[in-house]
Amino acid sequence: MPANPPIIGQPLNRYEGRAKVTGRANYAADNPASGLLHAWPVASPIAAGEIARLDPSAAERAPGVVAVLHHRNVPALRRPPDDMAHGLKAGEMRPPFEDEKIYYAGQFVAVVLAETLEQARWAAKRVKVDYRAAPHALTLDQGIAAHGAKTQADEKNHRGDPDAVFAAAPAQVDATYTTPVEVHHAMELHATLAEWQDDGLVVHDSTQWTYGQPRTLAHVLGLPPEKVRVLAPFIGGGFGAKLFLWPHTVLAAVAARQLRRPVKFVLPRSLQFTCAGHRPATRQRVRLGAERDGRLLAILHGSHSHTSLVTDYVESCGEATSVLYGCANVSVTHDLVPVNVGTPTSMRAPGACPGTFALESAMDELALKLALDPAELRRRNVPVRDEDRQLPWSSIHFRDCIDLATQRFGWARRTADVGSMRSGREILGWGFASATWPAIRQVAEVRVELRADGTARVVCGTQDIGTGTYTVLAQVVSELTGLPFAKIEVAIGDSALPRGPISGGSMVTATVVPAVAQATRAALAQRQAGRSPAIGEARTAPGDELRRFSFRSFGAHCVEVRWDPEISRLRVARITTVVDAGRIINHKTARNQIEGALLMGLGMALLEESIYDPRSGRVANDNLADYHVAVHADAPQLDVTLLDRPDPHIGEFGAKGLGEIGITGIAAAIGNAVFHATGRRIRDLPITIEKLLA
Ligand code: MOS
């Protein structure tokens, strides 16, 4: 019965590709609604203090304005608990307009609802607000001075006697690395269209969590969860910024409830810097102690990251540190520092991404001290098991990733001396770093319907944030039924569907594939029994294997940068990356994930940084002209290989899922290449020309 040739693994075009490129795919803000009101926020220009006086009267008289909402006329909202298992978690736990207090610049103090977007925006400027400003803290040092640092007990990770062993180690590295605030900046702006229909709230939302968003929103509004339905069939990128509920979505729903009209709230790009999460600034001290042959004896990784004054978000920089290499003596600590900025959140490979910048830069510094090839140093420390949890790996092909990446790149031709490789007037730098990310699987419920007309429908309340989820679901059904890919209909992105996973942590494929397979087989059995339509349902969850194995993916990057000292030009010329992520369901969408992550990592290494004005606390470069992300012109040659070896324990087909692993390690690989070319070790991202010339 299976189709011939097999469809799993094929680099098929996206299920929804045609709808997207022809403009038929409606994103949240594209949806029509009659009697629509447009929202425009009024944001605090001060970073700390309180509202002394708020006078909306001029705005209320402006043309087209229906209402101005603020802390005095919005009923009290409830703080959600932090309970992801039950679909409850907000990006910022303080509900908007809770009181007159100001905790960060950009915080909403009012929202104008008007007949047109232009009218709302014009009137927002006429909301008169007087503030009583208080001193603010922005940097980690200012935050520590003002509020102290909160040590995170559960982030602490300890084995052996790291301090003593480090002190006595024959080779030592002790270096501190810093990373700045970065912002996700998905192409599609955060957007919510909220509408009361009958007795419930229907929300078109750009969200990575169709399951949790309605539950959390219902909790905040004091509604039963079944009264809120969230629709998100198409999402133009998320990267973590759209995992959890943010104030603009709450305010769209509040306004729709109060005004009994549909409300659309598109968060302006400038406020994405403050009101929908960011990767916090980090400062990380890494100490490595090693034998002369490179074997690691001790690793100490202590990090600080900031959070807001209204919600604790922990950037667990040491997430990968205790498991990436075999090492008997390890200490990982984390301190959280509150400052007057909007609440940070998960951003692609949270924790491990900035964490591996520090760890993998330090490994390069260690290789130099030992006069050892940087790739060889990693080979000598490949972890035979998860020493943190004392478990064997479900599968590990880390050494093969290192070998294949170096082979494809031509690493053997590398000469170790700084500046020793040239091409014309350019100096070449070759850098190496490892990549790693957990392989997570969670609960999924799937329904598959086989119809008499030879078509099939598969439904699951997950969503596709641009990663290929639609395509993967259709491929599994096609594989098991023998039906052509084009005959499979996929319904996702709707909280009314059976429970699906959050699009976070690179877990969707590993989570849904076993459930789709099981539901498809159940439907086939129904058809065998003569039923039409044949409907199969499945609920799958990881089981006992979680106690027997540790699930993780590994990879390797080789990078070539070219430095032209005459005109001080630095560019990344090529990247070779090899990743093991178990079985690959679709080689095109999978490769696309890693390529995107590499480019995002290039932006992290060389370009991205939110710059706060120390006087006002406002983001000075709050637009995409001044905040630079990597674009096509920055793109190097990308050579991505996915090993495609099924993990025997993660579930049917052995797919581990991928995406975030691509951005781990890459900033370090680039920094290491920059050092090899220039002799400058820039431990403070981004690596700008100014820093190279200083
Ligand atoms: Mo990702 S930061 O888990 O969306």
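Order of listing sets the numbers, starting from 1, for every ligand and every atom in it. We number each residue from 1, following the sequence as shown.
At least one side-chain heavy atom of Phe244 sits less than 4.5 Å from a side-chain heavy atom of Ile502.
Ring-centre distance between Trp437 and Phe554: not below the 6.0 Å cut-off. Checked against a 6.0 Å centroid threshold, the rings of His306 and His278 count as neighbours. Residues Tyr612 and Phe273 keep their aromatic ring centres 6.0 Å or farther apart.
Around ligand 1 you find Gln208, Phe239, Gly240, Leu243, Ser346, Met347, Arg348, Pro350, Ser503, Gly504, Gly505, Glu660, each with a heavy-atom distance below 4.0 Å.
Remark: Phe549 pairs with His649 by the ring-ring contact (aromatic ring centres under 6.0 Å, His included) rule, at least two apart or across chains.
Residues Thr436 and Thr664 share a closest heavy-atom pair of N-OG1, 2.9 Å.
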